Structures are given as C-alpha cells and as structure tokens.
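Values in this document were obtained by computation on a predicted structure and should not be read as measured data.
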Amino acid sequence: MLRGAGDSALARGVTLAGALPVSERRCNLPIDEGGPEPTGGGLGSEGHPLGGAPSSVHLGWGDRAPSCPGAGPDAGWRWCEAPSWCLGVRLFCVLLPAQANFAPHFFDNGVGSTNGNMALFSLPEDTPVGSHVYTLNGTDPEGDPISYHISFDPSARSVFSVDPTFGNITLVEELDREREDEIEAIISISDGLNLVAEKVVILVTDANDEAPRFIQEPYVVLVPEDIPAGSSIFKVHAVDRDTGSGGSVTYFLQNLHSPFAVDRHSGVLRLQPEATLDYERSRTHYIPVVAKDGGGRLHGADVVFSATTTVTVNVEDVQDMAPVFVGTPYYGYVYEDTLPGSEVLKVVAMDGDRGKPNRILYSLVNGSDGAFEINQTSGDISVRQSPAQLQREVYELHVQVTEISPVGSPAAQAIVPVTIRIVDLNNHPPTFYGESGPQNRFELSMNEHPPQGEILRGLKITVNDSDQGANAKFNLQLVGARGIFRVVPQTVLNEAQVTIIVENSAAIDFEKSKVLTFKLLAVEVNTPEKFSSTADVVIQLLDTNDNVPKFNSHYYVARIPENAPGGSSVVAVTAVDPDTGHWGEVKYSIYGTGADLFLIHPSTGLIYTQPWASLDAEATARYNFFVKAEDMEGKYSVAEVFITLSDVNDHRPQFGNSIQKKTMVLGTPVKIEAIDEDAEEPNNLVDYSITHAEPANVFDIDAHTGEIWLKNSIRSLDALHNITPGRDCIWSLEVQAKDRGSPSFSTTALLKIDITDAETLSRSPMAAFLIQTKDNPMKAVGVLAGTMATVVAITVLISTATFWRNKKSNKVLPVRRVVRKRSAPAPRTIRIEWLKSKSAKAATKFVLKEKPPNENCNNNSPESSLPPRAPALPPPPSVAPSMGAAHWTVPTVSGSLTPQQSQPPPNPKTMGSPVQSTLISELKQKFEKKSVHSKAYF
C-alpha cells in the first residue's frame with residue numbers, strides 16, 4: 001500500500017503509476033465528478049473516492065479497475081485502468097486543475113545495465129551478501145532532490161536494501177536459486193511531493209553450488225552366483241538441482257579392478273564381460289559408486305561436486321559344488337587292546353554349496369575286507385573284528401560321500417582315502433639300568449675343573465624301552481645341569497649306552513659347590529602317552545689347588561707413634577685361600593725398601609716393628625712396602641702397606657745461639673726465631689715470650705712471629721736514655737721459646753739488643769746497608785759473594801788445590817767467628833760494647849774486644865765489679881780438618897740480665913770500623929743459624 005502526500009499534494013496533482021513504462025501510462029476514459037464509483041474497493045471514506053479530503057492513495061495488488069470515460073483537462077476524479085500486460089496494477093489518478101509539478105521518473109537503460117530502473121535485471125545466486133549489485137537512477141524535471149526506496153511483499157524476504165540518496169542497492173540476504181529463482185520488488189522515486197513506484201522482477205541465475213545426491217538409498221542387491229557375465233544388476237540414480245553443466249550427472253566406480261562396471265550416463269551397474277560370481281569364494285561385494293556433476297562457476301572459480309554411495313551385492317548360492325571332506329588326510333590306529341565295534345576315526349564331509357547345502361550320506365567303496373564299517377549319516381568308522389583277527393598291518397579304505405537333492409535323488413559325489421594301522425600298545429616307559437639292573441640313582445667322585453669334553457667314565461648307565469617301533473623312540477636330556485654337562489645320544493630307539501660329557505669346566509668348582517646334582521630324563525617322542533622316566537646323577541667334587549690367596553684389601557694403612565718400642569704391633573693383614581686342606585694354608589712375608597724396620601708373623605699376618613727399631617718421625621715419617629701371601633705350591637698375591645709415624649713432642653725449640661745479638665733501628669722490630677724439629681703440629685709450633693727484662697716496660701714481643709718492638713711510648717733515643725740507668729743503649733733480654741705440644745718444652749736465650757736511629761745510619765751507608773739486610777742475610781751474602789767470586793777466580797789461576805779448598809769453604813760456617821787481632825796476645829772472645837760519647841750521634845759506634853772463647857759475654861769491663869754471671873756455654877765440638885762444616889746444635893741456655901757499665905771513650909781511629917765489623921758478625925751469625933736449620937731438614 002502506497003500513501004500520497006495529503007491534501008496539498010492532491011491540489012498540485014499527484015500521479016501514481018504502476019509498474020508500467022512511462023510511455024504507456026495513460027487514462028483510458030474520463031470520469032465526471034458524479035460518475036460511478038469504481039469497483040474493487042474504494043479508496044476514500046463514506047463512499048467517496050477520496051473520502052472528502054483524502055490523505056492517502058491506496059494501490060491494490062492484482063485488482064483490475066473498471067473502464068472510465070476519457071478525461072479532459074478540467075476533469076475531476078478519474079479512474080484509470082492499465083492494460084493487462086502491466087502486471088494488473090490499478091492506478092488511481094487525481095487530476096485537479098492546478099499549477100503542474102511533474103513527477104520524477106527512472107531512467108530505463110535496458111538489459112545489462114547496472115543502473116536505471118532494474119528492468120530485466122538478473123543476479124547470480126552466489127553473489128556475496130553485502131555486495132553492491134545495482135544503482136537506481138532517475139531524475140526530476142524540476143531538478144528537485146530525489147530519494148529512492150525499495151519494498152517487498154510482506155510475505156517475502158527483504159533481500160535488498162537501497163541508499164535513499166545515491167540509489168545504491170545492496171544484497172542483504174543470501175540468494176538460493178533452487179529455493180527462489182525470481183524476486184519481486186517495488187522500487188520508487190520521490191522528489192518530496194510526487195512519488196513514482198514501479199514493480200520489478202529480479203531473476204536469480206544459477207551457480208554450481210549443489211552436489212549430486214543419490215536417491216532411494218541404501219542400495220542392496222541379491223544376485224545369484226550363476227548370473228551370466230555382462231548382465232545388468234542394478235541402477236543407481238543421483239540428481240543435481242543445479243542447471244546446465246552443473247546439473248548434469250555422470251557415474252563411475254572407485255575401484256577400477258572391480259568385477260563390476262557402471263554406465264557413466266545411465267548409472268546401470270553390470271557384471272564385467274569376463275567376470276563371474278562365486279558364493280563359496282565371496283558372498284558379498286561392496287561397490288563404491290561416485291556421481292559427479294559437470295562442473296561450473298562458484299564464487300568466481302570452476303568447481304566440480306561429487307557424491308559417493310555403496311551398492312551392496314549379496315551373492316545367492318546355487319548348487320554347483322561337489323561335497324568337500326574336512327580334516328584330510330585321514331589316519332586311524334587300532335591297538336592290540338581295541339574291542340570289536342570300537343570307533344577308529346570319523347570322516348567329515350559337507351556340501352560345497354554352503355548357502356543351501358544338501359543332505360550327505362557316507363559309504364565304504366573298497367579296501368575294508370569286512371574288517372571295518374562306516375555310519376552312513378555320521379561318518380564314524382569302527383572295527384568289526386578283534387585286532388588279533390586282522391590279517392594286515394595297514395588297511396587302505398575308500399570312503400564315498402553322496403549329496404541327496406531336495407527331491408531325494410543322488411547328486412554330486414566325492415571319494416577320500418582312509419589309512420588305518422594296526423599297532424602294538426605303548427605300555428612300557430623308558431627305563432635306566434646300571435651294572436646291577438634297573439637303577440634311578442648314579443653317583444661319581446671326580447676332581448674339580450676337569451678338561452672340557454672329558455667323558456664321565458665312572459658312570460655306567462644304559463637306557464631301554466621295551467616297546468616296538470615308534471613307541472620305543474625317546475629323547476634324552478639333562479635337567480638341572482645348567483649347561484655344565486651334555487648327554488650323548490640325545491635320541492634313542494629301543495636301547496642305548498648313556499654318555500655324559502663335560503661342557504663347562506669352569507662351572508665345576510669345588511669352592512662354589514662340593515656336590516653337583518642333576519637328573520637324566522628320558523621322554524618318548526612320537527607317542528600320545530609321552531611316557532618318561534628319570535634318574536638322579538650325584539657328583540662328589542674333590543678339591544684341587546686352583547685358587548691363589550687373596551687379600552681382603554689391596555692396601556693397608558696403619559699409624560703408630562714414633563716412640564713406640566721395638567716389637568710393637570702395627571697392623572694385621574689377612575689373605576684367604578678358598579682351597580681346603582694344606583692347599584688353603586697361607587704364608588705371609590714382606591719385602592720392599594721400607595720393610596727393614598718391620599717383621600710379619602708368617603701365619604697370622606701380624607706386622608710389628610723390629611725389636612731393635614727406633615722410629616723417628618722427624619727422620620722418616622712414612623714407610624711403605626709390600627706384603628705377600630703364598631700357598632704351599634707358590635701361588636701368591638701381593639698387597640701394599642702404608643705406615644705413618646705419629647709425631648710425639650720429643651724436641652725442644654732451639655735458638656740458633658744461646659746468646660743472640662740484634663741491632664734495632666727505632667720504629668723497626670727485630671726478630672728472633674727458634675726451630676722445633678718435631679714433625680707435626682702442634683708439636684712444632686713455637687710461642688715466644690720475654691721472661692725477664694729490666695725495666696720491664698721497654699719491649700713488647702709478638703708471641704707467634706717472635707718480632708720484638710719498643711713500646712709505643714718510646715719514640716726517640718732521648719726517651720730511651722731517660723729510662724735507662726746510666727743512659728745506656730744496650731739491652732739484655734731473657735727470651736723464651738715454648739712449643740705447643742703435650743707435654744710442652746721450652747728453651748730460653750739471652751738476647752742483646754743495640755738500639756740506634758735512622759739519622760745515625762744515614763751517616764754511614766755501609767752500616768745502614770748491613771742493618772737493613774740483617775733480617776735477610778742472603779742479600780748481604782750476595783754482595784759479599786760477588787766480591788769473593790773475583791778473588792776466587794784469581795786464586796784458581798794460582799793453584800788448583802786452593803781453588804777446590806776455597807770452593808768448599810764458600811759458605812759461612814756456624815763455628816766461624818769474626819776476630820780482631822790485638823797487639824798483646826790474650827785469650828780470644830768476642831764482645832760487643834756500646835760506647836757512649838758526649839754527642840748523641842756517636843751512639844752508632846761499636847768496639848770489638850777479644851775474650852777467651854769459653855767465657856760468657858756480658859756488658860761489664862774487667863775492672864768493674866762483676867754482677868751474677870749467666871751459665872757458661874759448653875765447649876764447642878771438635879771439627880775434623882777433612883770434614884768441612886760439622887753438624888752442631890745450640891744447647892738450651894737460661895740467660896740472666898747483665899747490666900752494662902760505662903766505658904771510656906775509644907780511640908778515634910777505631911770509631912768507624914768496629915760498627916761495620918759487628919754488623920757483619922751479626923749477619924754471619926744469622927746466616928749460620930739458617931744454614932743449621934736447613935741442614936736439620938736434610
């Protein structure tokens with residue numbers, strides 16, 4: 001239903017046109033104002049065509065208006081009827097005398113145009129939804145803006161939408177030609193006052209979007225097996241709703257080697273010209289058939305669709321096969337205890353046509369001689385006579401089977417041979433015999449590890465089966481021998497001598513098993529009873545010396561204290577010989593470079609020290625040697641013994657000298673050192689302490705390093721002089737070195753310290769150098785060695801003997817002393833004295849005086865009163881002229897503090913050289929001490 005624009009629109013003149021070309025729209029007859037009202041339904045109200053002031057115009061679908069007279073220019077309401085070819089659209093025209101406003105109209109661009117009034121427009125069904133498919137195009141004579149509209153019957157789908165302004169028509173629903181091949185729509189164009197509507201039909205063209213579909217499935221066919229080759233069997237039918245090539249269907253089979261074929265156009269299924277069906281070989285055939293369309297365009301591409309179905313061909317059986325025997329060949333046996341009438345065997349046959357089998361009857365044709373009979377329905381063959389009455393050992397019978405047709409007449413036949421043997425009864429099992437008759441236990445004694453392949457000749461075994469023929473055939477095997485032995489022969493007929501042979505000599509070991517037990521088994525081969533018998537074989541093994549003694553460890557590690565007395569037990573070694581008797585007796589011995597101090601008990605393996613052995617961890621801390629375990633035939637094995645000596649605190653710390661002299665520069669410590677010759681910690685760790693000093697608040701000592709410092713409060717010689725009685729700068733300290741062993745040992749020494757400062761050393765470069773190297777005497781010795789090397793080179797040119805003597809004495813020996821000769825002969829000794837002068841710079845000068853060698857040194861002159869003396873040193877050891885530097889040790893000395901007396905000023909001529917001589921002497925003493933220590937380690 002279309003509505004007009006109201007009274008104002010009617011005043012200007014509204015023209016409603018149906019789906020007619022513009023050139024064909026007309027009014028056939030004019031109508032007066034009082035003319036008859038049109039039939040087919042009024043458009044106004046109260047019987048008036050317009051109802052007074054009509055606000056809408058109704059257009060009915062499919063109604064035909066009555067004829068009306070011709071219309072003039074001043075006519076009032078008029079009814080117009082469109083011709084019958086205008087789709088039966090009734091137009092109601094309102095013609096009023098007014099100023100003309102022409103209605104808009106569509107352009108008719110003809111077939112194939114994509115814009116205009118959609119005349120004869122068609123659209124493929126595979127057009128994607130949302131596609132722009134057409135453009136409505138029209139114009140208004142007055143040039144007013146126009147708008148476009150499209151509408152559909154309420155019962156139909158709204159397939160398209162239109163842009164009111166631009167007229168672009170868009171597909172909004174999917175097309176399907178098979179469901180709807182044309183679409184009716186009303187398109188309209190309006191300039192705001194006039195509305196022109198046209199009914200259009202859009203044709204939907206086909207696309208190949210449908211696949212072939214088989215109808216009347218499933219396909220099952222029953223075909224007799226004797227159908228002639230090439231016969232038609234069945235016809236399949238598939239339809240494709242597409243048109244053109246996409247709707248044409250052809251057929252083919254998936255299996256090209258099938259005995260069937262299909263006509264590609266009609267779908268008729270046939271048996272191949274040379275093929276036959278056989279129910280007995282294949283009762284059912286499954287034939288896949290493919291239906292394929294001719295292909296077409298879909299979404300811009302060429303596509304082909306197909307469908308597949310399966311035709312099931314069931315083969316129907318017909319009588320075309322002879323009877324078939326089951327279980328051939330047939331053999332039967334009649335034993336000596338078989339009773340007459342007993343069943344010997346059964347023959348089974350069946351109709352070869354299993355779909356519809358016939359009844360079967362059995363009969364004996366020949367070969368029976370009246371000794372056997374057969375049941376004609378069951379096929380059971382039985383013996384009619386006693387086995388003792390049978391004349392032959394083998395009977396060859398022929399059994400015939402006959403099919404009986406449904407009408408009762410004989411049909412196909414078949415014959416099968418049957419062999420029946422007359423046999424003795426198997427009633428004797430195999431039996432083992434010894435020298436005295438039947439026996440089921442055999443014993444033997446033999447040495448272990450016999451040669452491989454050796455026959456156990458001590459076993460006399462015979463096996464026998466009293467049956468005859470196949471019943472007397474049996475196999476021999478060993479059970480439980482685990483591959484150690486094998487038996488010969490393995491297959492016996494009636495009787496044989498049994499031989500057992502060694503297969504694995506290594507497994508016959510007395511130490512693993514003293515007794516070997518296994519079974520000898522005889523089992524019949526070809527008899528249904530499988531009679532068997534067994535005999536036990538017991539082998540007692542005798543031991544041989546086939547093992548070597550073995551230690552329970554490859555290494556033995558022991559630790560004993562170094563003060564262990566002679567004869568002390570160290571460690572016990574153990575070796576085991578698995579052999580028995582005297583073969584298993586083991587004898588121990590030791591050897592090697594470290595075995596001199598040890599003995600071993602030959603039977604128990606206990607290692608102990610020699611009675612005279614004196615162990616010393618400082619000399620040799622570890623011993624290792626080998627221990628051997630040997631049996632009576634000389635077979636042996638070896639293990640290694642490692643013995644470590646535990647250190648005992650049996651050495652005291654030793655100073656290099658009982659009286660030591662040091663030179664201290666202010667701000668630099670002096671160091672003392674004592675050596676403890678014990679081998680291990682904590683016995684060889686030394687702690688230092690000052691046991692006596694007066695006054696006691698001048699020096700500190702580091703207990704671990706032995707470094708001695710002036711206290712922090714003493715920073716100059718003047719401060720030192722202020723606390724020193726007599727303003728002396730020579731100090732004597734009693735220093736103790738104590739080890740950390742248990743029990744602990746200690747040693748004391750007297751330390752004399754000369755104190756100077758760096759300013760004094762700067763005036764004497766040589767003295768400064770010697771003092772700086774006092775803790776590293778090797779540096780000073782290096783300088784001296786360079787000088788001495790030049791002298792030695794000159795000496796070599798003079799005398800070869802002098803060269804060798806000087807080369808041997810190139811080291812500073814511990815017994816050497818620096819001695820300064822005096823004009824008056826006197827006993828020789830060395831004493832260092834501090835000489836004080838009025839100037840503080842003279843504190844670095846030293847004076848050397850000679851004293852008797854066996855007297856203790858102190859700081860007092862002979863003229864002054866003597867304070868208590870320190871204990872005298874023992875006389876030095878004698879040195880042989882031909883032995884070079886002899887080994888010597890410094891005895892333990894407990895020194896006492898000896899105050900120093902003032903001395904008169906020395907001779908000015910000796911102010912420089914005594915200091916250097918004293919420092920050289922001190923460096924040599926340090927070097928001697930280090931040489932002694934290094935010798936103690938070698």
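- Sparse packing is recorded around CD of Glu174, with 12 or fewer heavy atoms of other residues, nucleotides or ligands lying under 6.0 Å away.
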Next item on the list: For side-chain contact (heavy atoms from CB on, under 4.5 Å), just list the numbers for Leu120 and Val201, CA-CA rounded to whole Å, side-chain angles, deciding distance to a tenth of an Å, and then say yes or no.
Entry: CA-CA 7 Å; Leu120 299 178; Val201 177; over 6 Å; no
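- Contact of the Asp293 side chain with the Val304 side chain is registered, since non-hydrogen atoms from C-beta on lie closer than 4.5 Å.
- Of the N and O atoms on the side chains of Asn115 and Asn109, at least one donor lies less than 3.5 Å from an acceptor on the other residue.
- Phe102 CZ: 12 or fewer foreign heavy atoms inside a 6.0 Å radius.
- Using a distance-only test at 3.5 Å, with no hydrogens or angles considered, no donor-acceptor pair links the side chain of Ser131 to the main chain of Val133.
- The closest side-chain heavy-atom distance from Glu316 to Glu225 is not below 4.5 Å.
- Taken to the nearest 0.5 Å, the CG atom of Asn168 stands 4.0 Å off from the NE2 atom of His132.
- How far CD of Glu403 is from CG of Leu361: 10.5 Å, rounded to the nearest 0.5 Å.
- Within the 4.5 Å cutoff, side-chain heavy atoms of Gln400 are placed close to those of Gln413.
- Between the side chains of Ser382 and Glu343, no donor-acceptor pair is found at a separation under 3.5 Å.
- Closest of all the heavy-atom pairs between Tyr331 and Leu345 is O-CD1, 3.8 Å.
- Looking at Asn375, its side chain never comes within 3.5 Å of a backbone N or O of Gly379 through a donor-acceptor pair.
- Side-chain contact between Arg213 and Ile215: present, with at least one pair of heavy atoms (C-beta onward) separated by less than 4.5 Å.
- Note: Phe325 and Tyr330 have perpendicular aromatic rings, judged against thresholds of 30 and 60 degrees for the angle between ring planes.
- Of the possible donor and acceptor atoms, none in the side chain of Arg270 sits under 3.5 Å from a partner among the backbone N and O of Gly230.
- For the atom pair Asp206 CG and Arg297 CZ, the distance stands at 14.0 Å (nearest 0.5 Å).
- Using a 4.5 Å cut-off on side-chain heavy atoms (C-beta onward), Val223 and Leu277 make contact.
- The distance from the CG atom of Asn314 to the CZ atom of Arg283 is 11.0 Å, given to the nearest 0.5 Å.
- Rounded to the nearest 0.5 angstrom, His265 NE2 and Thr250 OG1 are separated by 7.5 Å.
- Residue Leu171 comes nearest to Thr127 through the heavy atom pair CD2-O, 3.3 Å, listed as atom of the first residue, atom of the second, then distance.
- Remark: side-chain polar atoms of Tyr286 are not paired, donor with acceptor, to backbone N or O of Val313 under 3.5 angstrom.
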Margin query: Please determine whether side-chain contact (heavy atoms from CB on, under 4.5 Å) holds for the pair Ile420 and Phe372, giving the CA-CA distance in whole Å, both sets of side-chain angles, and the decisive distance to 0.1 Å.
Written below: CA-CA 10 Å; Ile420 298 178; Phe372 300 93; 3.7 Å; yes
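- Between Phe106 and Asn117, the shortest heavy-atom contact is CB-CB, 3.5 Å.
- Note: Asn208 CG to Asp240 CG = 6.5 Å, rounded to the nearest 0.5 Å.
- Checked for salt-bridge contact, Glu173 and Arg157 meet the test: a charged N lies under 4.0 Å from a carboxylate O.
- Although no hydrogens or angles enter the test, the distance criterion places no donor-acceptor pair under 3.5 Å between the side chain of Asp191 and the main chain of Asp140.
- Of all heavy-atom pairs spanning Glu125 and Asp242, the tightest one is OE2-OD1, 4.2 Å.
- At a threshold of 4.5 Å between non-hydrogen side-chain atoms, the residues His237 and Val239 count as touching.
- Residues Ile146 and Pro104 come closest through the heavy atom pair CG2-CB, 4.1 Å.
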Note to self: Test side-chain hydrogen bond (donor to acceptor under 3.5 Å, both in side chains) on Asn137 and Thr135; report intermediate values, then the result.
What the structure shows: CA-CA 6 Å; Asn137 191 7; Thr135 301; over 6 Å; no
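- Looking at Lys346 and Ile381, their side chains never come closer than 4.5 Å, going by heavy atoms from C-beta outward.
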Item checked: side-chain hydrogen bond (donor to acceptor under 3.5 Å, both in side chains) evaluation trace for Ser258 with Asn255 -> CA-CA 6 Å; Ser258 172; Asn255 185 5; 4.8 Å; no
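- Using modelled atom types, one finds no donor on one side chain facing an acceptor on the other under 3.5 Å when comparing Ser151 with His149.
- Smallest separation of non-hydrogen atoms from Val347 and Val416: CG1-CG1, 4.3 Å.
- Side chain of Ser245 to backbone of Gly295: a donor-acceptor contact under 3.5 angstrom is found.
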Next item on the list: Could you go through the side-chain contact (heavy atoms from CB on, under 4.5 Å) check for Thr308 and Val289 one step at a time?
Entry: CA-CA 6 Å; Thr308 304; Val289 180; over 6 Å; no
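- Counting heavy atoms from C-beta on, the side chains of Val249 and Lys292 never come closer than 4.5 Å.
- Relative orientation of the Phe160 and Phe152 rings is parallel, given thresholds of 30° and 60° on the angle between their planes.
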Next item on the list: Would you sort out whether Ile187 and Met118 count as a side-chain contact (heavy atoms from CB on, under 4.5 Å), showing the intermediate values?
Entry: CA-CA 9 Å; Ile187 59 174; Met118 299 185 76; 4.1 Å; yes
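- Classification of the Phe260-His285 ring pair by plane angle, with boundaries at 30° and 60°, yields perpendicular.
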